[in-house]
Amino acid sequence: MKANIAVLPGDGIGPEVTAEAVKVLKAVGQRYNHEFVFHYALIGGAAIDRFGTALPDATLDLCRRSHAVLLGAVGGPQWDDPQAKVRPEDGLLAIRKGLGLFANLRPVKMLPCLVHTATLKAEAVKDVDLVVVRELTGGLYFGKPKRQWHTSRGRRAVDTMAYSEREIERILRMGFELARQRRHKLTSVDKANVLETSRLWRQKAMEMAPLYPDVELEHMLVDNCAMQLIRQPSVFDVIVTENTFGDILTDEASLLAGSMGMLPSASLGSKTRKLLGERWGTFGLYEPIHGSAPRRAGQNLANPIATILSAALLLRHSLCLVQEAEAVEQEVTDILDAGYRTYDIMEAGMKQVGTKEMGDLVSLRISAGSQS
Ligand code: IPM
Ligand code: MG
């Protein structure tokens, strides 16, 4: 197969972790006879410095012409002035919106070999295997009005949480369908005791439930969900929730997988791309859930696994290469089982390696074809 992959390294550790994921994809291409062509473009602070905008048109065009997008991370202290006209994060929001990527899948799985690295009790986290389906192009992030202004009694600011029935329906459908492919349990998370958008969300979920009789639907208030995620995380299968709640809950959930450096994500929409033969892949953008960690940048320290696992999701969802995706995931598990660790998941008795070495270990094993 031939595929065009847009690579947007971004800022901070972004370029380092994407380089390792590209290395792994190249190894997959060689091993399984695919031609992956990588096209690079700027986003975030790097794009602001060069073009004065966080998402240049050329970057968006490149993504639209590609089968999938691999992104590192954006942001850094040099662009953090609250008065700034443009911010790196604007680029991330604009690309999600511009590409119609309304569903953000964040799988959280505890690998047995990392159970003791977790901050939480091994007993609580050992069976964690859940996916958060986060709505990505609505809610507080995009609602209008959104502004700050001066009044005679000081400054005021407003953000708007808005959702249409259509936006809620398509993300809930994604949640139901995913639950159907997994353990048939869907937790819809809202704040229906306070928010009108949440009441619409809950009504819609109840209306759709009869279409999925094989899925057990439960509703949970977001504050309670934050608590249950720590108390008994293994009971969750699929969690579906709106943008801001999903943002917060997934940072929390990353603790359940040992480190932020372990969690990949896939942002999908309704667009597809024709692949070789009669197959169609879902167009998507793949990025680690962690940020640009500017203090760790340029030191060959960052854990590239979240980005490598994001590349595995890219293979699975956008290129329909399931066997290849599984091979990448298995190699990551095997490398960890063999005792290799980056600093964020380091434990006594293990072998600490840097960003590059971790990428080399995974790609070398793929080239050697240890899974086939
Ligand atoms: C994430 C990040 C982003 C978000 C930031 C960087 C804008 O936290 O992908 O979770 O809030 O969506
Ligand atoms: Mg976040």
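Order of listing sets the numbers, starting from 1, for every ligand and every atom in it.
Heavy-atom separations between Arg87 and ligand 1 are all 4.0 Å or longer.
Side-chain contact, Gln323 with Tyr32: no donor N or O sits under 3.5 Å from an acceptor N or O. Between the side chains of Asn104 and Ser267, at least one donor-acceptor pair of N or O atoms lies under 3.5 Å. With 3.5 Å as the limit, one finds no donor-acceptor pair spanning the side chains of Asp190 and Ser198. No side-chain N or O of Glu287 forms a donor-acceptor pair with one of Ser265 less than 3.5 Å apart. Counted by atom type alone, Arg96 and Tyr141 present zero donor-acceptor pairs between their side chains at under 3.5 Å.
The distance from ligand 1 to the heavy atoms of Arg134 drops below 4.0 Å at these ligand atoms: 1 (C), 4 (C), 9 (O), 10 (O), 11 (O), 12 (O). Residue contact check: Arg106 has heavy atoms under 4.0 Å from atoms 1 (C), 9 (O), 10 (O) of ligand 1.
Asp247 has its closest N, O or S atom to the Mg ion (ligand 2) at the position named OD1.
Ranking protein heavy atoms by distance to atom 2 (C) of ligand 1, first place goes to Asp247 OD1, 4.0 Å. Distance from atom 11 (O) of ligand 1 to its nearest protein heavy atom, with residue and atom name: Tyr141 OH, 2.5 Å.
In Gln352, the CD atom is crowded: over 12 heavy atoms of neighbouring residues, nucleotides or ligands sit closer than 6.0 Å.
Considering His290, Arg96, Glu287 only, the shortest heavy-atom separation from atom 3 (C) of ligand 1 involves Arg96.
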